[in-house]
2 protein chains.
Amino acid sequence: MRILLIEDDESLADGIATALRHEAYAVDRAGTGREGIALAQAAQPDLVILDLGLPDLDGIDVLKSLRQKGIHCTVMILTARDALRAKIQGLDAGADDYLTKPFAVDELLARLRALERRSGVSRSPDILIGDVVINTASHEVLLNGEAVKLSRREFSLLRALAERPGHILSREQLEDKLYSWGEEVASNTVDVHIHNLRKKIYPEFIQTIRGVGYKLGPGR
Amino acid sequence: MRILLIEDDESLADGIATALRHEAYAVDRAGTGREGIALAQAAQPDLVILDLGLPDLDGIDVLKSLRQKGIHCTVMILTARDALRAKIQGLDAGADDYLTKPFAVDELLARLRALERRSGVSRSPDILIGDVVINTASHEVLLNGEAVKLSRREFSLLRALAERPGHILSREQLEDKLYSWGEEVASNTVDVHIHNLRKKIYPEFIQTIRGVGYKLGPGR
DNA sequence: GGGGCAAATTAAGGCAAACTTAAGAGTCCG
DNA sequence: CGGACTCTTAAGTTTGCCTTAATTTGCCCC
């Protein structure tokens with residue numbers, strides 16, 4: 001799950017980004033509207049968090065511009081308290097949710113999970129695949145009812161695969177889901193995490209399609 | 001994935017149909033309940049989107065009628081906001097999901113993806129040739145319901161042939177499909193893969209046109 | 001019926017993809 | 001500040017696929 005954060009207040013952006021990364025999201029950041037639009041096209045995020053009070057462009061225009069460029073991912077708007085008109089405009093322009101400043105980061109995270117669920121990126125809070133239950137909210141994974149302890153990256157990887165059971169994801173696609181810009185990896189990291197996941201769950205749970213990628217499940 | 005849209009509001013139906021087609025669904029349309037029931041029988045859709053406010057019949061009755069006629073595909077209901085009673089009736093009558101108007105098209109698409117996943121019908125159209133099913137998303141191939149394990153090249157070859165059943169593809173054309181520029185082969189590789197495919201499926205599945213190439217036929 | 005060419009068959013070597021392991025750097029937390 | 005844990009690298013190993021090429025079979029036309 002890859003998130004683009006468009007926010008000019010640097011300390012706030014720092015805080016949000018840290019919290020998000022902690023929740024195993026990959027985060028890209030933009031400080032201006034133009035930068036945001038550019039990054040949205042380049043990085044193909046699953047979700048955009050958009051502050052309406054940007055220095056260069058009006059937030060609503062940014063949103064419209066995104067939609068116009070064919071970027072239809074979920075968008076959450078951040079706005080100052082009582083800027084009701086802006087909210088309404090935002091929703092009309094195709095935003096999916098809004099949050100008024102100031103807000104608690106936990107609130108943001110909760111909303112994100114709700115959006116995630118609603119947008120069908122991962123529908124039910126618990127994804128069920130074979131004898132494995134994945135709870136995206138708590139980051140808990142159960143194998144036959146027994147908790148499996150996964151690290152952050154392992155969980156991200158598993159979630160990425162679990163969003164579309166049976167579908168094959170290439171290493172490249174998986175890396176895109178796990179890493180933000182500027183922290184690309186240049187090794188077989190994905191392989192290693194896959195290996196560790198298999199050890200913690202069971203080997204056949206993740207299938208290798210040689211020369212193509214990995215997929216989850218008995219496949220269909 | 002084939003969708004039947006039963007909706008009398010023409011402009012709304014236009015919008016939905018366009019969005020769906022854009023997502024590579026095949027869409028049939030009906031403006032009335034009767035038309036809808038007729039089309040559902042004729043077109044055999046995988047999913048029905050049913051507006052409850054139709055001019056001729058009550059939406060719930062349409063749904064019941066469909067079920068009665070043995071059409072058990074997934075059904076998503078569209079209903080005006082707050083028509084709670086209708087929703088409940090709808091779910092009782094065997095609908096799988098509902099959406100209240102007005103709604104964002106993205107929301108509809110997200111719900112569809114969720115339903116798709118739940119029902120196991122895949123949008124990436126499974127190619128069906130004779131008794132062989134080819135799923136391009138998962139690289140799975142089923143022969144009479146039994147999985148056939150294919151290697152990457154074998155799968156590519158099969159897919160190339162299956163994209164246009166009955167059409168003859170020359171060795172050269174097939175090589176072009178399998179290899180990127182600069183990695184041309186200089187031997188009978190294609191022949192060998194064809195042979196292995198025949199062994200894994202059954203010989204007559206792939207037909208040889210002497211001096212020309214290969215094609216996929218309904219075979220038996 | 002026979003020559004010649006196209007396609008089928010088979011087996012083996014080479015090679016790249018994927019797996020495995022371990023170690024060092026980095027991070028978090030008490 | 002120290003210890004635990006996680007992540008990334010990289011090197012070594014294994015596995016399985018692909019290609020090659022030699023041989024056999026089958027077809028068509030002379």
Side-chain angles (χ1 to χ4, degrees), chain A residues 14-15 17-27 139 141 148-158 160-161 168-180 182-216, chain B residues 139 141 148-158 160-161 168-180 182-217:
Chain A
D14 273 350
T18 306
L20 290 177
R21 295 222 172 86
H22 206 254
E23 293 288 317
Y25 296 103
V27 183
H139 285 203
V141 174
V148 179
K149 205 179 155 223
L150 296 187
S151 74
R152 189 157 59 101
R153 289 264 132 95
E154 285 162 4
F155 183 81
S156 285
L157 199 52
L158 182 61
L161 286 166
I168 302 172
L169 289 176
S170 66
R171 281 178 180 66
E172 209 177 62
Q173 289 174 310
L174 289 171
E175 281 176 12
D176 283 348
K177 294 268 182 191
L178 294 198
Y179 302 97
S180 325
E183 54 162 354
E184 271 93 33
V185 286
S187 71
N188 60 347
T189 316
V190 170
D191 295 43
V192 175
H193 286 308
I194 289 277
H195 174 238
N196 291 329
L197 268 175
R198 281 179 171 149
K199 229 166 27 181
K200 289 186 180 179
I201 302 175
Y202 53 86
E204 313 84 51
F205 186 64
I206 302 171
Q207 288 165 34
T208 305
I209 314 300
R210 186 165 250 258
V212 186
Y214 296 100
K215 74 172 182 182
L216 230 58
Chain B
H139 278 212
V141 174
V148 180
K149 206 176 155 225
L150 297 186
S151 75
R152 183 159 61 114
R153 291 263 132 95
E154 286 162 3
F155 184 84
S156 296
L157 201 52
L158 180 60
L161 287 166
I168 303 171
L169 288 175
S170 68
R171 266 160 245 271
E172 210 176 61
Q173 288 173 310
L174 289 172
E175 279 177 15
D176 284 348
K177 294 259 184 195
L178 295 198
Y179 303 96
S180 23
E183 52 163 352
E184 272 91 38
V185 286
S187 72
N188 61 346
T189 315
V190 171
D191 295 44
V192 176
H193 286 309
I194 289 279
H195 173 241
N196 290 329
L197 269 175
R198 282 178 170 150
K199 226 165 32 181
K200 289 185 179 180
I201 302 175
Y202 52 86
E204 314 84 54
F205 186 66
I206 302 170
Q207 289 160 33
T208 305
I209 315 299
R210 186 161 249 261
V212 186
Y214 298 98
K215 74 166 188 181
L216 237 55

Heteroatom pairs (N/O) under 3.5 angstrom, protein to nucleotides 13-17 of chain C:
from: C:dA17; atom 1: N3; to: A:Arg210; atom 2: NH2; distance (Å): 3.1

Verify the contact: side-chain N or O of [X] to OP1 or OP2 of [N], cut-off strictly under 4.0 Å; return yes or no.
X        : N      : result
A:His195 : C:dT20 : yes
B:Tyr214 : C:dA6  : no
A:Arg198 : C:dT20 : no
B:Thr208 : C:dA6  : no
A:His193 : D:dT6  : no

> Taking it one step at a time, do B:Val190 and B:Leu169 satisfy side-chain contact (heavy atoms from CB on, under 4.5 Å)?
Replying inline: CA-CA 11 Å; B:Val190 171; B:Leu169 288 175; over 6 Å; no

May I ask you to say what [X] touches in the nucleic acid, namely base, sugar-phosphate or nothing, with a heavy-atom cut-off under 4.0 Å?
X        : result
A:Ser151 : sugar-phosphate
A:Phe155 : nothing
A:Ser187 : base

Heavy-atom closest contact ([X] atom, [Y] atom, distance):
X        : Y        : answer
A:His139 : A:Glu23  : CE1-O, 3.1 Å
B:Lys215 : B:Leu161 : CA-CD2, 4.2 Å
B:Arg152 : A:Val212 : CD-CG2, 3.9 Å
A:Leu157 : A:Leu178 : N-CD2, 3.6 Å
A:Ala160 : A:Leu174 : CB-CD2, 4.1 Å

>> For the backbone of A:Ser156 and the side chain of A:Lys177, can you confirm whether one donor and one acceptor N or O come within less than 3.5 Å of each other?
In response: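 No.
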
Length of the [atom1]-[atom2] vector between [X] and [N], whole Å:
X        : N      : atom1 : atom2 : answer
B:Asn196 : C:dT9  : CG    : P     : 10 Å
A:Tyr179 : D:dT8  : OH    : C1'   : 8 Å
B:Glu154 : D:dG16 : CD    : C1'   : 12 Å
B:Leu178 : D:dC17 : CG    : P     : 16 Å
B:Asn188 : C:dC5  : CG    : P     : 18 Å
A:Lys149 : D:dA4  : NZ    : C1'   : 9 Å
B:Lys199 : C:dA8  : NZ    : C1'   : 11 Å
A:Ile194 : D:dT8  : CD1   : P     : 13 Å

>> Under the criterion side-chain contact (heavy atoms from CB on, under 4.5 Å), I'd like the reasoning laid out for B:Leu158 against B:Lys200: C-alpha separation, chi angles, the key distance, then a yes or no.
In response: CA-CA 12 Å; B:Leu158 180 60; B:Lys200 289 185 179 180; over 6 Å; no

> Got B:Thr208 and B:Arg198 here, is their nearest side-chain heavy-atom distance under 4.5 Å?
Replying inline: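 Contact flag for B:Thr208/B:Arg198 side chains = yes.
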
> After noting the C-alpha distance and the side-chain angles of A:Ile209 and B:Phe155, does the key distance pass the side-chain contact (heavy atoms from CB on, under 4.5 Å) rule?
Replying inline: CA-CA 11 Å; A:Ile209 314 300; B:Phe155 184 84; over 6 Å; no

>> Between the opening five pairs and the closing five pairs of the helix from C:dG1-D:dC30 to C:dG30-D:dC1, how far apart are the helix axes, to 10°?
In response: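 Comparing the first five pairs with the last five, the axes sit 30° apart.
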
